[in-house]
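By convention here, the first residue in the shown sequence is residue 1. All values reported here derive from a predicted model rather than from experimental measurement. Just so it is clear, the values below take in all heavy atoms, side chains as well, and ignore hydrogens, waters and symmetry mates.
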Amino acid sequence: MILRMIYFIIALFILHTPIWCLSQENIIPKPIKAEWAEGKLDLSKGVYINDANINLANEYKLLTSILNDWGIKIVQKRKGIPAINLAISTQQIGKEDAYNLLINSKEIKITSHSPRGIFYGLQTLRQFSVDHKKIQFANIQDEPAFSWRAYLIDVGRNFQPMEMIKEQIDVMAQYKLNVLHFHFTEDIAWRLQSDKYPGLTDASVMTRWKGQYYTKQDFKELIQYCKERHITLLPEIDMPGHSAAFKRFFGVDMQSEEGIKYIKELLAEFRQNFPELEIFHIGGDEVKITNKNIMPEITRFVEQLGYKKTIGWDPGSNLKPQTIRQMWMGGPRLIEEKGDLVYIESKHLYINHMDPLETVTTLYHRQVGEVDKEHKNLIGATLCSWPDRAVAKPIDMFYHSAIYPALLTFAERIWQGGGRAGWLANIVSSDDSDYTDFVEFEKRLMHHKKQYFQDRPFPYVSQIGIKWELIGPYANEGDVHKSFEPEQNPFDSNLEVDQSIEGGTVILKHWFGNIIQTAIQNPKANTTYYARTKIWADKDMVKPFWIGFNNHSRSYLTDTPELDTWDNKGSQAFVNGQRIAPPVWKQAGQKGELEVPLLDEGYSYREPTMISLKKGCNEVLLKLPVAEFRGRTWDNPAKWMFTFIPVEEEINK
């Protein structure tokens with residue numbers, strides 16, 4: 001019944017909203033200011049491109065591609081033919097990335113004071129719907145809240161083919177991200193060719209994806225590919241930590257006098273091979289500094305090589321004041337506008353720690369650095385993909401983590417600014433002022449999934465309308481199999497409901513503890529909760545569902561459940577009183593191990609669970625016990641959560 005009411009409200013909205021308005025309001029990231037007018041520019045006879053500016057060659061190329069996709073002819077200038085003008089303004093419109101996009105009865109005009117702004121205006125234009133070769137009148141004035149909008153890929157641990165990297169760069173460009181942080185050195189492997197020390201990329205030095213690395217030509221190709229899309233490639237050679245591959249080859253610690261000599265030779269060679277790069281990441285985290293002079297010495301050396309800026313991890317080593325700090329650890333922290341230190345936010349932006357559905361809700365509500373927009377001490381943020389655990393094949397990373405849904409959601413937030421203070425894991429309540437905004441964003445996200453990602457991994461489905469009542473807590477005294485009243489009569493009106501919450505995934509307690517706001521305030525160990533909902537079916541059917549009760553982080557060493565269990569906490573699922581059997585795990589009982597790839601442990605990369613539904617209302621009950629919150633080991637933590645959501649069309653019985 002609840003779902004029927006939601007569909008009815010949506011239908012009313014559609015009926016009373018002009019089609020031309022709906023067709024254009026799917027843009028991601030949403031423009032800061034957009035005015036839509038009734039009327040359309042007719043492109044059926046073709047368009048004339050005013051391509052007089054020689055500095056916009058790449059932008060004209062992109063424009064031509066957009067028109068070809070729309071099926072619009074490019075013709076010579078003549079009366080009655082609309083023009084497309086890409087105009088570099090001598091007046092300051094806003095930030096360097098700012099642009100204006102105007103569509104009226106005579107032309108499409110994009111204005112900016114930089115080619116990058118023109119490029120972003122074209123990316124917005126690209127997302128317009130063209131109906132019968134007509135495009136909606138509009139006036140958009142847009143600029144980002146933050147100038148640093150970055151995405152990190154870790155190819156040191158798990159090698160990615162060039163075409164896969166280029167595809168991610170294309171997605172970055174489409175959604176106005178502008179820095180690719182390229183992490184290519186690790187304990188596992190050093191993955192960039194060296195002429196001076198060719199053995200550094202030998203298979204014998206690598207412990208995973210042996211012999212897979214990038215040639216100098218590959219790297220030059222990536223730099224140029226990024227440049228054409230107004231993306232800065234930020235290389236990272238992690239020093240002095242994460243350097244076991246370096247040590248295996250050279251036989252010395254990087255912090256030793258001889259180790260510093262070798263790393264300087266490699267840095268000098270890198271600079272000689274790629275002189276066009278202007279910024280450099282020196283790493284510095286997760287290592288015991290035994291030589292307090294190494295990072296200051298390396299920083300001076302890198303600066304002497306001609307780089308304009310160095311970046312390092314914070315917390316990490318003893319960075320110099322001029323080095324930009326990339327924050328990665330700790331709770332929410334306000335970056336006040338004072339002093340001279342400059343920061344980039346990456347705290348709680350590691351998607352390897354997020355369940356796929358959780359990824360979108362967390363990133364959407366995320367306030368960067370606890371501020372609404374950039375200031376002199378905080379220039380932006382970097383979304384990070386760290387697939388620490390080995391994968392069987394590179395594409396698996398995109399199913400294990402919601403990489404593309406994350407990129408789009410992060411692109412929205414970092415461009416728009418704003419968000420909420422603190423870190424959230426779940427959808428906010430429907431009476432919250434931010435709820436409507438999330439519903440609207442998710443609608444746009446699902447449109448983009450259908451429009452642009454049909455043939456690519458996009459592990460996200462709409463969570464709106466999946467409403468749960470949480471019942472509890474019940475003290476289970478450490479016995480996760482202990483039964484309580486809801487198992488006898490789940491929908492007894494006398495059962496006391498603790499709270500109602502919405503979502504396909506609900507986090508009761510995150511493994512990061514109270515720094516992330518979850519469903520249960522002050523959760524207690526040795527506790528059982530129940531979650532109940534009702535699902536309507538118009539007829540008898542078999543429907544596929546995503547079901548899960550744990551999130552196997554791509555970093556932590558979560559154990560695979562034993563056979564005939566959903567997890568190691570005693571969780572259960574019932575539909576209409578019938579227990580839903582867990583999958584027959586391919587690696588049942590496998591202890592967490594970084595070198596053992598995940599195969600079917602998560603709902604987003606295994607076959608959905610097929611559930612028989614009867615015509616009418618179907619009752620769902622989830623049992624959610626927990627004993628101790630600490631895991632078997634520190635790197636095998638308990639994440640108290642559940643996922644239960646339909647994912648595809650039903651199969652008729």
> Just checking, any donor-acceptor pair under 3.5 angstrom between side chains of Glu278 and Tyr307?
no
> Would you find more than 12 non-hydrogen atoms of other residues, nucleotides or ligands less than 6.0 Å from Lys373 atom NZ?
no
> Leu267 and Phe301: which non-hydrogen atoms are nearest, and at how many Å?
CB-CE2, 3.9 Å
> Between the main-chain N or O of Ile165 and the side-chain N or O of Tyr225, is there a donor-acceptor pair closer than 3.5 Å?
no
> Does a side chain donor of either Ser112 or Tyr120 reach within less than 3.5 Å of an acceptor in the other side chain?
no
> Do the charged groups of Arg444 and Glu412 touch, with an N to O distance under 4.0 Å?
yes
> Is the count of non-hydrogen atoms from other residues, nucleotides or ligands lying under 6.0 Å from Glu257 atom CD greater than 12?
no
> Would you call Glu337 and Lys376 a salt bridge, taking side-chain N to carboxylate O under 4.0 Å as the test?
no
> Any non-hydrogen side-chain atom of Pro523 less than 4.5 Å from a side-chain atom of Phe629?
yes
> Just wondering, are more than 12 heavy atoms of other shown residues or ligands nearer than 6.0 Å to NZ in Lys220?
yes
> Donor-acceptor check, side chain of Ser243 to backbone of Met239, threshold 3.5 angstrom: yes or no?
no
> Tell me every residue that passes side-chain hydrogen bond (donor to acceptor under 3.5 Å, both in side chains) with Thr90, counting only those two or more places apart in sequence or in another chain.
none
> Would Lys639 and Trp511 count as a cation-pi pair here, with the cationic atom under 6.0 angstrom from the ring centre and within 45° of the axis?
yes
> For Glu303, is there an ion pair with Lys309 - N to carboxylate O distance below 4.0 angstrom?
no
> Counting C-beta onward and ignoring hydrogens, is there a side-chain heavy-atom pair between Met254 and Lys247 closer than 4.5 Å?
no
> Just jot down the side-chain contact (heavy atoms from CB on, under 4.5 Å) partners of Lys210, sequence neighbours excluded, or say none.
Ala203, Met206
> For His181 and Glu236, does a side-chain donor sit closer than 3.5 Å to a side-chain acceptor?
yes
> If you look only at pairs with a residue in residues 156-180, which of them pass as a ring-ring contact (aromatic ring centres under 6.0 Å, His included), with sequence neighbours excluded?
Phe159-Tyr214, Tyr175-His448
> Testing the 3.5 Å rule here: is there a donor-acceptor pair between the side chains of Thr323 and Thr310?
yes
> Are Ser194 and Leu266 packed together at the side-chain level, in the sense that at least one heavy-atom pair is separated by less than 4.5 angstrom?
yes
> Do the two ring centres, one from Tyr452 and one from Phe458, sit under 6.0 Å apart?
no
> With no hydrogens and no angle check, do the side chains of Gln255 and Thr290 hold a donor and an acceptor under 3.5 Å apart?
yes
> Do Trp386 and Leu152 make a side-chain contact, defined as non-hydrogen atoms from C-beta onward lying under 4.5 Å apart?
yes
> Side chains of His281 and Gln326: any donor to acceptor distance under 3.5 Å?
yes
> Any chance the side chains of Ser401 and Arg554 put a donor and an acceptor closer than 3.5 Å?
yes
> Would you please indicate if the ring centroids of Phe250 and Tyr197 are separated by under 6.0 Å?
yes
> Evaluate the side-chain proximity of Glu269 to Lys196: yes if any heavy-atom separation is below 4.5 Å, no if none is.
yes
> Just wondering, more than 12 heavy atoms not from Glu265 lying within 6.0 Å of its CD?
yes
> For Glu258, check salt bridge (Lys or Arg N to Asp or Glu O under 4.0 Å) against everything at least two apart and list the hits.
none
> Does Met162, at its CE atom, have more than 12 non-hydrogen atoms belonging to other residues, nucleotides or ligands within less than 6.0 Å?
yes
> Just checking Arg456: does its CZ atom have more than 12 heavy atoms from other residues, nucleotides or ligands closer to it than 6.0 angstrom?
yes
> Would you say Asn377's side chain and Gly339's backbone share a donor-acceptor pair under 3.5 angstrom?
yes
> If I compare all heavy atoms of Asn158 with all of Ala390, which pair ends up nearest, and what's the gap?
OD1-CA, 3.7 Å
> Can you tell whether the side chains of Glu228 and Lys61 come within less than 4.0 Å, N to carboxylate O?
no
> Kindly indicate whether the side chain of Arg366, heavy atoms from C-beta on, has any atom under 4.5 Å from the side chain of His348.
yes
> Which residue pairs pass the salt bridge (charged side-chain N to carboxylate O under 4.0 Å, His left out) test with at least one member in residues 173-186, sequence neighbours excluded?
Arg157-Glu186
> Checking side-chain polar atoms at under 3.5 Å, does Asp253 have a donor or acceptor matched by the opposite partner on Ser256?
no
> If we ignore angles and hydrogens, is there a donor and acceptor under 3.5 Å between the side chains of Glu374 and Ser147?
yes
> Quick one, Trp328 and Glu286 - any side-chain contact, counting heavy atoms below 4.5 Å?
yes
> Step through it carefully: locate the ring centre of Trp423, locate the ring centre of His365, and say whether they are under 6.0 Å apart.
no
> Can you list the residues that meet the salt bridge (Lys or Arg N to Asp or Glu O under 4.0 Å) rule with Arg413, with sequence neighbours excluded?
none
> When you compare the side chain of Leu101 with that of Asp142, does any pair of heavy atoms fall below 4.5 Å?
no
> For residues Phe270 and Pro235, report the shortest heavy-atom separation together with the two atoms involved.
CZ-CB, 3.6 Å
> Does Lys95 NZ have over 12 foreign heavy atoms under 6.0 Å away?
yes
> Look at Asp97 together with Arg116 and state whether they make a salt bridge at an N to O cut-off of under 4.0 Å.
yes
> If you count the non-hydrogen atoms of other residues, nucleotides and ligands that lie under 6.0 Å from CG in Asp195, is the total more than 12?
yes
